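First the proteins, then the strands, lettered A, B, ... as listed; each starts at 1. Computed from a prediction, not measured in an experiment: that's the story for all the values here.
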Protein chains: 4
Amino acid sequence: MAKDEAPTRIQRDRRRRIREAGLEVFSAKGFRGATVDEIAQAAGLSKPNLLYYFATKEAIYTDLLARLLKAWLDPLRALDPEGEPMAELLAYVRRKLHLARDFPRESRLFAGEILRGAPLMGADLSGDLRRLVDARAGVIAGWMATGRLAPSDPHHLIFSIWALTQHYADFEVQVRAVLGDVRDPWAEAERHLVTHFTRLLTPLVAI
Amino acid sequence: MAKDEAPTRIQRDRRRRIREAGLEVFSAKGFRGATVDEIAQAAGLSKPNLLYYFATKEAIYTDLLARLLKAWLDPLRALDPEGEPMAELLAYVRRKLHLARDFPRESRLFAGEILRGAPLMGADLSGDLRRLVDARAGVIAGWMATGRLAPSDPHHLIFSIWALTQHYADFEVQVRAVLGDVRDPWAEAERHLVTHFTRLLTPLVAI
Amino acid sequence: MAKDEAPTRIQRDRRRRIREAGLEVFSAKGFRGATVDEIAQAAGLSKPNLLYYFATKEAIYTDLLARLLKAWLDPLRALDPEGEPMAELLAYVRRKLHLARDFPRESRLFAGEILRGAPLMGADLSGDLRRLVDARAGVIAGWMATGRLAPSDPHHLIFSIWALTQHYADFEVQVRAVLGDVRDPWAEAERHLVTHFTRLLTPLVAI
Amino acid sequence: MAKDEAPTRIQRDRRRRIREAGLEVFSAKGFRGATVDEIAQAAGLSKPNLLYYFATKEAIYTDLLARLLKAWLDPLRALDPEGEPMAELLAYVRRKLHLARDFPRESRLFAGEILRGAPLMGADLSGDLRRLVDARAGVIAGWMATGRLAPSDPHHLIFSIWALTQHYADFEVQVRAVLGDVRDPWAEAERHLVTHFTRLLTPLVAI
DNA sequence: AATGAATGAGTGTTCATTCAT
DNA sequence: GATGAATGAACACTCATTCAT
């Protein structure tokens with residue numbers, strides 16, 4: 001496979017299928033629990049053929065993580081400093097929740113990596129991630145300073161949004177076990193979180 | 001080891017050491033990523049000797065999980081239906097956060113199991129866990145109904161507490177990567193979460 | 001296998017058998033051509049059991065090489081600076097030839113490693129080996145300077161002895177192919193080399 | 001490639017390039033250590049394209065060996081029965097040494113094959129090779145019988161020339177490790193070997 | 001109660017060769 | 001002629017578990 005050439009249609013297709021299969025298996029079993037054989041089967045390829053497109057098991061995994069981090073941060077990037085603060089933050093909460101709802105495997109893949117101490121993406125966390133969070137935390141701090149949001153620590157506010165939205169994807173079995181089969185966790189979560197953050201961020205009006 | 005006899009002091013000691021070693025390794029690497037060899041070494045035992053006390057690798061893991069779940073739910077059990085609602089809930093938040101702070105490995109072990117779909121403790125979730133949560137949710141709902149707490153869905157409120165406290169243990173590397181080396185995540189978290197839940201749960205006073 | 005403890009009888013036995021099997025296979029097929037399976041079979045062990053005694057294929061190979069180099073240099077070490085020069089050198093030639101005759105697999109193993117550029121024992125060559133050769137070359141140069149041996153370059157004289165003795169082991173198939181089945185290469189070689197070096201080293205007497 | 005047709009210029013060129021690449025890789029790593037991929041890359045061809053010109057890896061290897069043997073024996077063929085014995089033999093030594101110096105990869109390729117027991121050229125050794133050596137040995141024996149050379153076994157004399165000249169190519173790393181970086185092994189070897197064989201072959205004059 | 005020894009079933013990866021275009 | 005794609009057969013090494021003492 002000529003590495004420097006433009007990928008052919010087949011290459012793009014196979015790599016996409018391998019990524020999809022890898023996501024399925026890695027998110028369900030973790031890096032160590034996944035086997036190349038299983039991923040290859042899920043991708044409809046023979047094991048050596050899979051390794052023709054991704055040289056190692058780790059290569060599939062890190063490729064997934066790298067793409068994931070980008071998508072994961074997009075909603076935060078979309079936070080508009082010029083927007084109306086409360087609307088911006090609620091929109092962020094919603095976008096993040098929808099991301100977790102629509103891409104739960106990605107969420108779990110990411111959670112698993114962090115849980116193990118981020119052995120393969122540690123650098124990204126203190127690099128891109130940190131820079132972006134710091135920048136947005138500054139914006140939020142500005143909004144709070146001018147009284148348009150109730151004051152709190154912006155970094156921890158962001159952590160809260162992450163924790164509360166991802167919880168529904170990462171701990172899905174627990175949520176379902178507790179709520180039972182009838183209720184709709186995601187719909188309830190959205191209503192609850194919107195109320196939650198509205199109440200949390202609405203500045204108190206002096207009487 | 002005569003299974004039906006009372007365990008000797010040595011047996012209790014060995015099993016404790018194996019559990020401690022298993023917790024260390026399983027929480028860091030997951031079930032599949034951990035090797036019996038590594039656990040035996042951490043426990044200061046030979047591999048066959050370890051397997052004399054716990055017949056299989058899985059036995060160590062499930063033993064840890066079973067004990068863990070109990071400890072994990074104790075703070076929720078301690079929620080006093082007769083107590084002052086706001087104080088009770090804030091105390092619960094604090095206890096849960098301290099648990100995560102003081103036993104981060106247990107938190108990660110649990111998170112890993114749930115993340116993978118709880119293959120080995122699925123039953124416990126819809127059993128003991130669900131019953132306890134339902135009971136406490138009922139208590140909280142009562143408090144809200146009488147206007148002593150701002151109204152919201154009690155189940156999701158409990159999820160929020162879980163998500164927000166465990167986040168600091170389970171995603172510790174990410175939290176540290178974002179906050180940098182100088183700040184003290186746990187102290188900040190406590191302050192932030194107390195404010196957070198106070199604001200959230202304080203009923204609006206009609207003017 | 002406790003690495004720091006004294007080896008048990010079984011360990012010594014198994015390791016000896018593995019070395020013997022490794023020598024047989026590596027000398028015949030080279031490092032890359034040999035398979036762990038084949039060595040294990042030759043040693044009468046299962047593959048994982050072999051790897052219980054030597055962690056990797058390379059470990060067997062380098063263990064063999066290290067022991068080999070020592071044995072290989074012993075005859076040179078035995079060269080006595082106080083002895084009678086001609087007798088000492090002829091004794092060295094004989095000893096080296098007998099070594100090649102009695103341990104042809106060791107000779108081929110060594111030759112194979114050197115032939116490939118000594119990827120795994122390069123350091124030893126410019127270390128121990130070089131020091132010893134330099135020392136002995138000095139002794140021989142002394143003998144030549146006092147007229148007790150015909151003069152020549154001592155380093156190249158040593159190379160000659162190596163080349164001529166090892167040739168009969170390393171190129172054995174060629175020697176046998178040329179000489180046919182009836183002749184006895186080793187006996188002829190000994191006679192020929194003694195004559196050869198006697199003639200070569202006898203100082204010319206001034207008439 | 002129509003096998004029965006005369007090869008085109010392109011075909012000749014490609015096969016030459018493959019041979020050159022094969023020589024480079026095979027001589028450095030041996031048959032088993034070499035990969036078709038590496039040879040193809042060295043030849044600037046794709047792997048399937050290389051296999052279009054030589055059907056198998058072995059085909060490249062045996063092609064090289066066959067051509068090599070011919071070239072290897074040319075200096076011996078050039079030994080002129082009508083020439084002056086001492087001059088002829090010294091010329092042979094020189095030619096053989098220059099061959100080793102100028103074509104060390106060929107020498108190592110050959111040495112590797114013999115070392116492994118000549119699995120792919122065993123027949124050639126007891127065929128062409130033996131016939132030629134026997135013939136030349138007869139010539140040398142004649143020279144010795146008439147007193148124009150010091151007597152010795154002609155076959156072993158030929159082995160000596162082979163061993164001493166090829167040693168500098170096949171064991172080059174060892175020679176360089178012992179001599180250090182400053183000395184010029186090939187120049188020294190030539191001087192040494194000429195002296196060596198002159199002394200060896202000069203008949204003793206009865207006084 | 002303890003451990004050195006042993007192994008069957010994997011597990012990621014390599015590689016010569018073939019297929020299809 | 002040329003190459004991207006595919007694969008069967010290996011191959012080195014791992015690991016949970018069992019055996020023997």
Pairwise side-chain contact, [X] with [Y], heavy-atom cut-off 4.5 Å (strictly under):
{"X": "D:Tyr52", "Y": "D:Leu45", "result": "no"}
{"X": "A:Glu24", "Y": "A:Arg105", "result": "yes"}
{"X": "C:Arg67", "Y": "C:Glu106", "result": "no"}

With a 4.0 Å cutoff (strictly under), does any side-chain N or O of [X] reach OP1 or OP2 of [N]?
{"X": "B:Asn49", "N": "E:dA1", "answer": "no"}
{"X": "C:Tyr52", "N": "E:dA5", "answer": "yes"}
{"X": "D:Tyr53", "N": "F:dA2", "answer": "yes"}
{"X": "B:Ser46", "N": "E:dG4", "answer": "no"}
{"X": "D:Arg14", "N": "F:dA2", "answer": "yes"}
{"X": "C:Arg9", "N": "E:dG4", "answer": "no"}

What is the distance, to the nearest angstrom, from the [atom1] atom on [X] to the [atom2] atom on [N]?
{"X": "B:Leu50", "N": "E:dA1", "atom1": "CG", "atom2": "P", "answer": "14 Å"}
{"X": "A:Asp13", "N": "F:dG4", "atom1": "CG", "atom2": "P", "answer": "17 Å"}
{"X": "A:Tyr61", "N": "E:dT13", "atom1": "OH", "atom2": "P", "answer": "15 Å"}
{"X": "B:Phe54", "N": "F:dA16", "atom1": "CZ", "atom2": "C1'", "answer": "16 Å"}
{"X": "D:Ile60", "N": "E:dC15", "atom1": "CD1", "atom2": "C1'", "answer": "14 Å"}
{"X": "B:Ile39", "N": "F:dC15", "atom1": "CD1", "atom2": "P", "answer": "12 Å"}
{"X": "C:Ile18", "N": "E:dA5", "atom1": "CD1", "atom2": "P", "answer": "11 Å"}
{"X": "A:Phe26", "N": "E:dT11", "atom1": "CZ", "atom2": "P", "answer": "14 Å"}

Applying the ring-ring contact (aromatic ring centres under 6.0 Å, His included) test to D:Tyr61, which of D:Phe31, D:Phe54, D:Phe110 qualifies?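 Considering D:Phe31, D:Phe54, D:Phe110, a ring-ring contact (aromatic ring centres under 6.0 Å, His included) with D:Tyr61 is found only for D:Phe31.
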Which nucleotide, F:dA5, E:dA2, F:dG1, lies nearest any side-chain atom of D:Gln11?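 Closest of the options to the side chain of D:Gln11: F:dG1.
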Using a heavy-atom cut-off of 4.0 Å across all strands, would you classify C:Ile10 as base, sugar-phosphate, or nothing?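 Sugar-phosphate only.
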Would you kindly compare B:Gly33 and D:Thr8 by the position of their nearest DNA chain F nucleotide and give the one closer to the 5′ end?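 Result: D:Thr8.
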Rounded at 0.5 Å granularity, tell me how far [atom1] in [X] sits from [atom2] in [Y].
{"X": "C:Leu109", "Y": "C:Leu65", "atom1": "CG", "atom2": "CG", "answer": "5.0 Å"}
{"X": "C:Glu20", "Y": "C:Arg16", "atom1": "CD", "atom2": "CZ", "answer": "11.0 Å"}
{"X": "D:Ile39", "Y": "D:Leu51", "atom1": "CD1", "atom2": "CG", "answer": "9.5 Å"}

What residue pairs, at least two apart or across chains, pass salt bridge (Lys or Arg N to Asp or Glu O under 4.0 Å) with a residue in residues 110-125 of chain A?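 Qualifying pairs: none.
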Identify the pairs formed between an N or O of the protein and an N or O of nucleotides 16-19 of chain E at a distance under 3.5 Å, and give each distance.
residue: E:dA16; atom: OP1; partner: D:Ala34; partner atom: O; Å: 3.2
residue: E:dA16; atom: OP1; partner: D:Lys57; partner atom: NZ; Å: 3.2
residue: E:dA16; atom: OP2; partner: D:Val36; partner atom: N; Å: 2.9
residue: E:dT17; atom: OP2; partner: D:Lys57; partner atom: N; Å: 2.9
residue: E:dT17; atom: O4; partner: D:Lys47; partner atom: NZ; Å: 3.3

Could you give me the CA-CA distance, side-chain angles and deciding distance for C:Asp37 and C:Lys47, then say whether salt bridge (Lys or Arg N to Asp or Glu O under 4.0 Å) is met? CA-CA 6 Å; C:Asp37 245 333; C:Lys47 189 162 50 163; 3.6 Å; yes
Under 3.5 Å: donor-acceptor pair, side chain of D:Lys29, backbone of C:Arg32: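 Not a single qualifying donor-acceptor pair exists.
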Both distances under 3.5 Å, Watson-Crick or G-U wobble: on that basis, could you give the dot-bracket string for DNA chain F, with [ ] for crossing pairs and | for other-strand partners? .||||||||||||||||||||
